[in-house]
Undergrad: 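This is the structure I have questions about; it appears just below.
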Number of protein chains: 2
Amino acid sequence: MPAQILKGKPLADKIKEQTRKEVEELKQKGIEPFLVAVQVGENAASKFYTDNQRKNAEQLGIKYELRELPAETTQEELIKYIEDLNNDDKVSGIILQMPLPPHIEAREVQWKIAFEKDIEGVTPHNMGLVSFGKPRLAPCTAVGAYELVKSTGIDLTGKEVVVVGHSDIVGKPAALLHLNDLGTVTVCHIGTAKAGKTPEHVARADVLIVAVGVPGLIKGEWIKPGAIVIDIGINEVDGKIVGDVEFDKAVERAGIITPVPGGAGTMTTAILLRNVVEAAKWQAEKR
Amino acid sequence: MPAQILKGKPLADKIKEQTRKEVEELKQKGIEPFLVAVQVGENAASKFYTDNQRKNAEQLGIKYELRELPAETTQEELIKYIEDLNNDDKVSGIILQMPLPPHIEAREVQWKIAFEKDIEGVTPHNMGLVSFGKPRLAPCTAVGAYELVKSTGIDLTGKEVVVVGHSDIVGKPAALLHLNDLGTVTVCHIGTAKAGKTPEHVARADVLIVAVGVPGLIKGEWIKPGAIVIDIGINEVDGKIVGDVEFDKAVERAGIITPVPGGAGTMTTAILLRNVVEAAKWQAEKR
């Protein structure tokens with residue numbers, strides 16, 4: 001029996017609707033959630049994302065501004081710009097759009113974002129909160145994957161959770177979120193692949209989360225029958241968008257699987273906008 | 001052939017000697033490393049630790065003060081006390097001694113320690129740095145275990161690292177430290193035990209790190225022949241100190257194993273004192 005297809009849109013829509021209501025409530029209290037995206041230099045791909053951010057934010061009643069700084073902005077100037085946004089009480093959330101020009105050390109600047117405005121969850125403080133099981137503004141894609149898993153109704157206690165990919169912003173926080181629910185979590189990556197161990201770890205997984213960015217990396221035949229498979233990869237192959245999991249074969253073995261496109265990726269913007277509301281609340285508490 | 005016994009003292013002594021030299025160098029630059037331990041109420045066990053801290057700190061030339069606050073100190077008063085230490089330029093590092101009286105929420109207070117003075121690595125910021133692979137003031141026992149593993153000369157890339165215990169201050173940071181070296185890391189805990197899966201995870205481990213606090217939890221016969229076994233457990237059984245690993249049997253299978261006492265625990269104070277120096281440097285950079 002082929003797997004149940006777990007689309008992202010229904011849950012994302014639910015989160016957005018809840019967020020829209022919370023925005024209304026905040027406005028009644030005189031708090032206007034306001035998202036500022038900072039972009040340095042021009043970037044065609046980035047325009048697609050920022051247009052989409054604006055549309056989604058405005059649909060939920062969240063004020064959105066894209067601040068476009070010239071490509072020759074220095075790191076010091078950019079840090080100063082971020083610090084001014086940190087100090088601006090009207091600004092609830094800050095996104096620093098990637099990529100940045102090569103003369104800027106992205107992390108150095110991201111880490112200057114005040115953690116209460118860090119709606120992408122890129123600061124050490126917010127990652128520490130994820131590790132401590134007290135996430136507040138956590139990385140959006142990782143949270144999206146985790147909430148999709150939870151939406152299936154699974155009790156993670158003692159389940160074998162295997163995360164393939166150990167990026168700071170997806171794999172690691174996804175692993176920590178599932179660990180905090182008492183899943184037995186394994187993180188695989190290039191080291192695992194080099195040791196030839198990826199297939200056997202995948203074969204153990206009750207819950208498999210893949211975030212690498214290599215099309216078809218995970219063979220369908222590796223997957224444990226009945227597993228929940230969350231594919232976070234988004235790759236273009238011959239003009240078609242595909243994930244990191246060999247979908248056609250995986251769907252025959254998995255119990256539940258997310259499609260690409262239309263799966264885990266769909267959650268990211270919804271979580272981002274929910275984070276804007278959470279950020280606005282966090283700042284209000286501190287005043 | 002029985003395992004090689006990996007004692008903590010030789011490496012701890014090396015770290016202490018290096019730290020002593022660094023303290024001297026800092027003093028020549030006019031920086032005097034100064035550790036303040038804050039204790040609320042009296043505690044017999046705590047006195048053993050603080051006496052030991054003082055002795056070790058002073059041996060390395062680090063100034064040490066134990067500040068004993070009355071048991072009836074409120075949480076607000078304690079936070080104010082910590083904030084005053086944060087703002088005192090003479091103080092390099094702060095330890096908040098556990099246990100605290102039950103009316104105080106330990107975490108609420110610990111998280112107020114300025115991260116540049118958080119020599120126990122208990123703040124979200126410092127845990128986030130561990131997660132991002134940029135540890136600076138990381139939890140001492142986890143770092144001690146990691147450095148013992150590294151001292152064996154093992155290349156962790158693609159090795160199966162299994163951490164049993166997922167505490168915020170030992171298991172999780174130990175897992176993240178090994179993950180950042182491209183070990184394939186699995187974290188086991190009570191959920192794993194309930195699912196009956198601990199033995200099979202232990203059996204896969206090239207590197208096994210155990211930090212639970214249950215004597216003899218890990219049976220010797222589970223251990224993979226030739227594995228590196230780091231036992232962080234310290235338990236008293238019939239007046240004798242034992243670890244979490246069934247040592248007598250484990251020593252027959254492991255390649256390298258730490259004893260209890262005299263193993264991983266021995267590293268903690270050395271790392272703590274090295275952290276005081278690191279903290280002093282971090283603050284000097286910021287001035």
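Proteins come first, then strands; the chains are lettered A, B, ... in the order of their sequence lines, and each starts at number 1.
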Undergrad: Would you please go through residues 103-111 of chain A and name the residues with a non-hydrogen atom below 4.5 Å from one of chain B, in numerical order?
TA: A/Arg107, A/Trp111

Undergrad: Check A/Leu179 against B/Lys172 and note the closest heavy-atom contact, atom names and distance.
TA: CD2-CG, 4.0 Å

Undergrad: Using a 4.5 Å cut-off on heavy atoms from C-beta on, say whether the side chain of B/Thr186 contacts that of A/Val185.
TA: no

Undergrad: With a strict 4.5 Å heavy-atom criterion, list every residue of residues 112-134 of chain A that contacts chain B, or say none.
TA: A/Val122, A/Thr123, A/Pro124, A/His125, A/Met127, A/Gly128, A/Leu129, A/Ser131, A/Phe132, A/Gly133, A/Lys134

Undergrad: How about residues 208-227 of chain A versus chain B: which residues have heavy atoms under 4.5 Å apart?
TA: none

Undergrad: What part of B/Asp181 lies closer than 4.5 angstrom to a heavy atom of chain A: side chain, backbone, both or neither?
TA: neither

Undergrad: A/Ile169 versus chain B, heavy atoms under 4.5 Å apart: side chain, backbone, both or neither?
TA: neither

Undergrad: Is any side-chain heavy atom of B/Arg204 closer than 4.5 Å to a side-chain heavy atom of A/His201?
TA: yes

Undergrad: Which residues in residues 139-162 of chain A have any heavy atom lying under 4.5 Å from a heavy atom of chain B?
TA: A/Thr157, A/Gly158, A/Glu160

Undergrad: Test side-chain contact (heavy atoms from CB on, under 4.5 Å) on B/His189 and A/Thr184; report intermediate values, then the result.
TA: CA-CA 7 Å; B/His189 41 64; A/Thr184 300; 4.2 Å; yes

Undergrad: Would you say the side chain of B/His166 lies within less than 4.5 Å of the side chain of A/Leu182, judging by non-hydrogen atoms?
TA: yes

